Amino acid sequence: MKTLDLIAQELAGYDPQSLPAASVNEFLYRLVEPVTEFETVGIFQALGRVLAQDVISPISVPAHDNSAMDGFAFDGAQLQSNLPLTLKVVGTALAGKAWQGQVHLCECLKIMTGAVMPAGLDTVVPQELVTRSGGSDTITVPAGLLKAGDNRRLLGEDLMQGQPAVEKGARLTPAALGLMASLGLEQVTVWRRLRVAYFSTGDEILSLGEAPREGAVYDSNRYTVFGLLTRLGCEVIDMGVVRDEPALLEAAFIQAAQQADAIITSGGVSVGEADYTKAMMKKLGDVVFWRIAMRPGRPMAVGRIINAKSGSSRHDISSDSYQKGTDSGTSDAAILFGLPGNPVAVMVTFLAFVRPALLHMMGCTAPKPPLLKARSLEPLRKKPGRTEYQRGSVTTAPDGRLCVQAAGNQGSGVLSSMVQANGLIVLHHHQGDVAAGDEVDVMMFDGVI
Ligand code: AMP
Ligand code: MG
């Protein structure tokens, strides 16, 4: 486990007062560690979980050569490019019921999609292509339409026995569930779920159900963070709004560090913030406070909160305080992501930094989603020297290419434009103004958050 100082020394040009977005990812990647406990779950419980070991195919799929069409199977060596081929129908092969007899030259078999191809037959002519004669006993394959091997699915063309079907570190998608089921697997081994505790800070923040009062705002961050974490497949621990009082903050951090692998807070990390949040983070852990060269966002605290109350017994596995949740084996330190207070800044810092870090902790080997390229429909002002994330609406232009339009008010507290947007336009650190028609990178929300 590296100290924050050591990580800082490893990063060239590290400046906590003006940290480029890419360095934030680098730093977090070095700070966090993947979980080490795994469990076996049924396929229906495995969606979105991360595989803890390769799934090796116990069988070949398909298990036999089989027909891709309803039609007639025959030996394709008889095809001649300029001559029709006439064949006698000697039987029928159904899916799930193989033909047992022999098929000789000048003969064929009526065959259904998925039925096993008998030995010696390698080609299927779809039924709609043939002409029939002799009371359907004889078919004629027209010249020039087929070549040997057509309309046959090969044994193992999906997966060969012994090959990795899905690799360790993959997040299981609906397609992966289907693939594992096609191998006859009822269970898979996945990393345990990550537990993430979160709370909002700030004396002006109202919980739902509280009466409005002057100068106060309802808490929205806990709800977006809840949604973002739930989509990610984390176990969430909602700790509410924590008042700006040292005793309450201390209790919240300690409880969170005991129960969770990571803690997400919002608010109270700005420069000159006159509250106890930063002081408590410092007191309870190894924490750095950054000003990130980005917009929106900027302030962020990162580090480890250590459950000081468990003190010297921290490394004693037999101690109760070592237990976290229901399993043992996790330390009582938790990674802290102290996000800014502004609701859009919370979402942007989560998507850009926290999400990839959490995925890494979840054991996922592809923690960053690919960016899309879209044409900007309008000029965008951008200062080089910081990364800007603008809410954007991506659509398909009449020419079939993707285009993007900045969505509404870009103020860092304006959530309504976040709701209208379907992605974030990422204007990179060194990038300057964008002209209308220029391509920009977009981080899509859809299916991601
Ligand atoms: P801070 O980072 O604490 O200075 O907060 C910046 C802005 O975000 C202030 O206008 C806060 O009122 C607002 N804010 C902080 N936390 C929340 C929250 N949980 N929900 C909604 N707005 C918040
Ligand atoms: Mg505040």
Side-chain angles (χ1 to χ4, degrees), residues 16-19 21 24 196-230 236-246 248-250 252-253 255-256 260 262-284 287-303 305 336-355 386 388-389 391 408-421 449:
Q17 288 309 304
S18 176
L19 201 60
V24 174
V196 185
Y198 57 91
F199 55 89
S200 298
T201 68
D203 281 347
E204 80 281 27
I205 308 303
L206 291 173
S207 283
L208 293 184
E210 277 189 80
R213 56 171 196 271
E214 205 187 331
V217 292
Y218 280 112
D219 182 7
S220 55
N221 292 339
R222 256 166 68 221
Y223 301 90
T224 45
V225 168
F226 159 80
L228 290 161
L229 290 172
T230 303
V236 297
I237 304 170
D238 183 344
M239 299 185 60
V241 177
V242 179
R243 297 258 154 273
D244 204 11
E245 282 178 34
L248 296 178
L249 283 165
E250 181 164 25
F253 278 118
Q255 191 195 332
I263 307 169
I264 297 178
T265 63
S266 69
V269 291
S270 320
V271 178
E273 187 88 30
D275 64 20
Y276 295 106
T277 310
K278 283 166 75 172
M280 196 50 69
M281 289 174 177
K282 251 188 223 158
K283 177 179 164 191
L284 296 179
V287 177
V288 279
F289 297 89
W290 289 330
R291 283 159 64 105
I292 306 171
M294 70 185 293
R295 211 170 96 149
R298 258 173 105 67
M300 184 169 165
V302 152
I305 296 290
L336 170 72
F337 302 98
L339 306 185
N342 274 312
V344 177
V346 165
M347 293 194 76
V348 168
T349 48
F350 185 97
L351 292 171
F353 311 128
V354 180
R355 188 175 185 280
R386 67 184 187 199
E388 291 189 17
Y389 301 84
R391 281 140 269 176
N409 186 329
Q410 296 285 336
S412 65
V414 179
L415 263 186
S416 54
S417 49
M418 202 70 183
V419 172
Q420 286 155 21
I449 67 169

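For clarity, every value in this text was computed on a predicted model and none was experimentally measured. Order of listing sets the numbers, starting from 1, for every ligand and every atom in it. Computed over heavy atoms, backbone and side chain alike; hydrogens, waters and symmetry mates excluded.
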Is there a side-chain contact between [X] and [Y] in this structure, where contact means two heavy atoms from C-beta onward sitting under 4.5 Å apart?
| X | Y | result |
| --- | --- | --- |
| Met294 | Phe353 | yes |
| Val236 | Val196 | no |
| Tyr198 | Leu229 | yes |
| Met280 | Leu284 | yes |

Element-labelled atoms of ligand 1 that are located less than 4.0 Å from some non-hydrogen atom of [X]:
| X | value |
| --- | --- |
| Tyr218 | 20 (N), 21 (C) |
| Asp219 | 18 (C), 19 (N), 20 (N) |
| Ser200 | 19 (N) |
| Gly267 | 2 (O), 3 (O) |
| Ser270 | 1 (P), 2 (O), 4 (O) |
| Asn342 | 6 (C), 7 (C), 8 (O) |

Taking atom CZ of Arg243 as the centre, does the number of heavy atoms from other residues, nucleotides or ligands within less than 6.0 Å exceed 12?
-> yes
Do any nitrogen or oxygen atoms of [X] come within less than 3.5 Å of a nitrogen or oxygen of ligand 1?
| X | answer |
| --- | --- |
| Gly341 | yes |
| Glu204 | yes |
| Pro340 | no |

Taking the non-hydrogen atoms of Gly202, is any one of them nearer than 4.0 angstrom to ligand 1?
-> no
Contact between Gly268 and ligand 1, counting heavy atoms under 4.0 Å?
-> yes
So, do Phe199 and Phe253 have ring centers that fall under 6.0 Å from each other?
-> yes
Not counting sequence neighbours, which residues clear side-chain hydrogen bond (donor to acceptor under 3.5 Å, both in side chains) with Thr277? List them please.
-> none
Say whether Ser417 and Arg391, considering side chains only, have a donor N or O and an acceptor N or O under 3.5 Å apart.
-> yes
